[in-house]
2 protein chains.
Amino acid sequence: MATIKDIAERLGISVSTVSKGLNGASDISESLRQSVLDTAVELGYTTKQMRGKLTRKFCIFVENMEFETPDQFGYDIILGFKQLAFRENCSVTVTPITPDFQAAEKYDTYMLKNGYAGAFLLGLALQDPWIAQFNDSSLPAVLFDNYIRKNPAVSYVGTDSFEGIDDAIEHLTGLGHTRIGLINGSPNSMISYQRRQAYIDGMTAHGLPVSEDIMPYAYFVPEAAAPHVDSLLSRGMTAILCGNDLIASGVIDACAARGVRIPEDLSVIGFDDIPVSARLDPPLTTIRQDRLESGKCGFYALNSLINHVPISKTLLRPQLILRGSTGPCSR
Amino acid sequence: MATIKDIAERLGISVSTVSKGLNGASDISESLRQSVLDTAVELGYTTKQMRGKLTRKFCIFVENMEFETPDQFGYDIILGFKQLAFRENCSVTVTPITPDFQAAEKYDTYMLKNGYAGAFLLGLALQDPWIAQFNDSSLPAVLFDNYIRKNPAVSYVGTDSFEGIDDAIEHLTGLGHTRIGLINGSPNSMISYQRRQAYIDGMTAHGLPVSEDIMPYAYFVPEAAAPHVDSLLSRGMTAILCGNDLIASGVIDACAARGVRIPEDLSVIGFDDIPVSARLDPPLTTIRQDRLESGKCGFYALNSLINHVPISKTLLRPQLILRGSTGPCSR
């Protein structure tokens, strides 16, 4: 359990200032007070006063996604959600789930049994048992990167893959690349279908050829990259887009093992901009999604659903972050 | 200028209760207080206290859209925006604009000159001078029913045409209709392109034929309907989707003049669910968009942009409202 001292150290301010922030004293600025509260939420510090006024219980379900440390993809998404939830006096429970967990109990039953007013679900796969149940559930739910048609109780929050991948292709064509492959994530993921379509659209818009053998599905882990790197290099690709940064890091590893230089021989672009991207060798050019804001949008959408505002989709803009893994085409 | 009495009459409560709501007294409920404040905003009632703490100035620009009375399309959109703006202590100016107005002064110049922190723009046409300027503007702007690619300072708010039109086609096919035409709005409108594509997708998904001659563009006014009604009836259509409720009301008028019975001879579906829809003869089946919530989403998106959260799109779910203008196919 965190202490006031932990909050003070994290923010580089005095313990007494933290106390003022937590107690709503009037002689510190509103923005500093908010930083104190946001950090308290991040570190899991609560006071009796904070716990006493809770109005609603929410659950964040997480699958196929790491979220325990700031380096991991899910951390900021959950943090953003929690920070807004705290401001609205809602409690948040984070529950890791599996397909077996979902098969063992219906989503609605689990929610009602635990008294949850709504859910935010991260990382669910298309074939997961609960996904089909969202077609009929009347409990407010926001899905990160999953979309359910026509159910006004369910909302989709994510980042616009189409603009991000189009930006990446534009960047590569500007460097002279015309043979650009895609190593995609899992085929059991809505976001993989979306990124595949975005790749096809972007390539087509730039007058570049696409074919099945240059846009393989893989998995969202580094180890999935190597065999596809061989295949794409043998097909003459000079640039590879990746379904996420972890796949891109696997491409970089595979190239190092094969003596393929990045970016001289091959340009590589990731997706997400997780913290490790900037520390890879070379640092990774990637399509950034703002995960803290995604979490905040998730809370806003969930709060809207609870107030019977049927928000269907909230999409954030991606941002192409240019680093050392892309360069001029040498062929 | 409205008085406290006007607010009391509108809500059916006493003047003293209104006073309590306006003054933040603790002995009325939070929801009643909010109703008092929302109604004060709607009627344009302000107190010195309310005006004194304003933090930001926003402008709502309106073109090609009526908004003066509750019966008109734009009224609730503007009201929803204003109600949230008021809660955040922001002032809102509503400025009707024309293409000439836009040609006379650049968007950025106008905004800066007037000290506006952000804008909400309703009803702009694709060829409007300001639309092209949104590609490069760095001032926060939210466009209702217009989408600008790749500019993180600009956001799009609207209702998902695809789900709405698919629902409508599903309803009609359930009634036995297979020959379904579309009288669309103006071709100089993003939303018309979207609804046309939604119609093509929906018809195709239901295995029904589409062709250019059964999906004409018109304008978003009743008078635009008549010639297209003749054309669609001569092509054997038994149902007509309309780009908005005003076009649908024109279809109903044209059918009355021609002795075509609705829904016995022809089913008609509108889009929007403006108040008059329920009072047409027969009452209109239509795809509802929640305009009050659209306005609120507009404010939320604008506030997000101001805080550097690059929300790209916020889409609300449509809702198919079933009334008397649709019935079983008689052929």
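Remember, predicted model here, so these are calculated numbers, not experimental data. Every chain is numbered from 1 and lettered A, B, ... according to where its sequence line falls, protein lines coming before strand lines.
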> Between B/Ile311 and A/Leu315, does a side-chain contact (heavy atoms from CB on, under 4.5 Å) hold up when you go through it step by step?
Replying inline: CA-CA 6 Å; B/Ile311 289 192; A/Leu315 287 184; over 6 Å; no

> Using non-hydrogen atoms only, which part of B/Gln289 is less than 4.5 Å away from chain A: side chain, backbone, both, or neither?
Replying inline: neither

>> Among A/Lys296, A/Glu293, A/Arg149, A/Glu163, which residue has the highest count of heavy-atom pairs closer than 4.5 Å to chain B?
In response: A/Glu163

> What is the distance from atom OH of A/Tyr300 to atom OG1 of B/Thr314, rounded to the nearest 0.5 Å?
Replying inline: 7.5 Å

> Relative to chain B, which of A/Lys150, A/Lys313, A/Gln319 shows the most heavy atom pairs under 4.5 Å?
Replying inline: A/Lys150

> Can any side-chain N or O of A/Arg317 pair as donor or acceptor with the backbone N or O of B/Ala153 at less than 3.5 Å?
Replying inline: no

> Looking at A/Leu316, A/Leu292, A/Asp290, which hits side-chain contact (heavy atoms from CB on, under 4.5 Å) with B/Val309?
Replying inline: A/Leu316

> Does any heavy atom of chain A fall under 4.5 Å from the side chain of B/Asn151, the backbone, both, or neither of them?
Replying inline: backbone

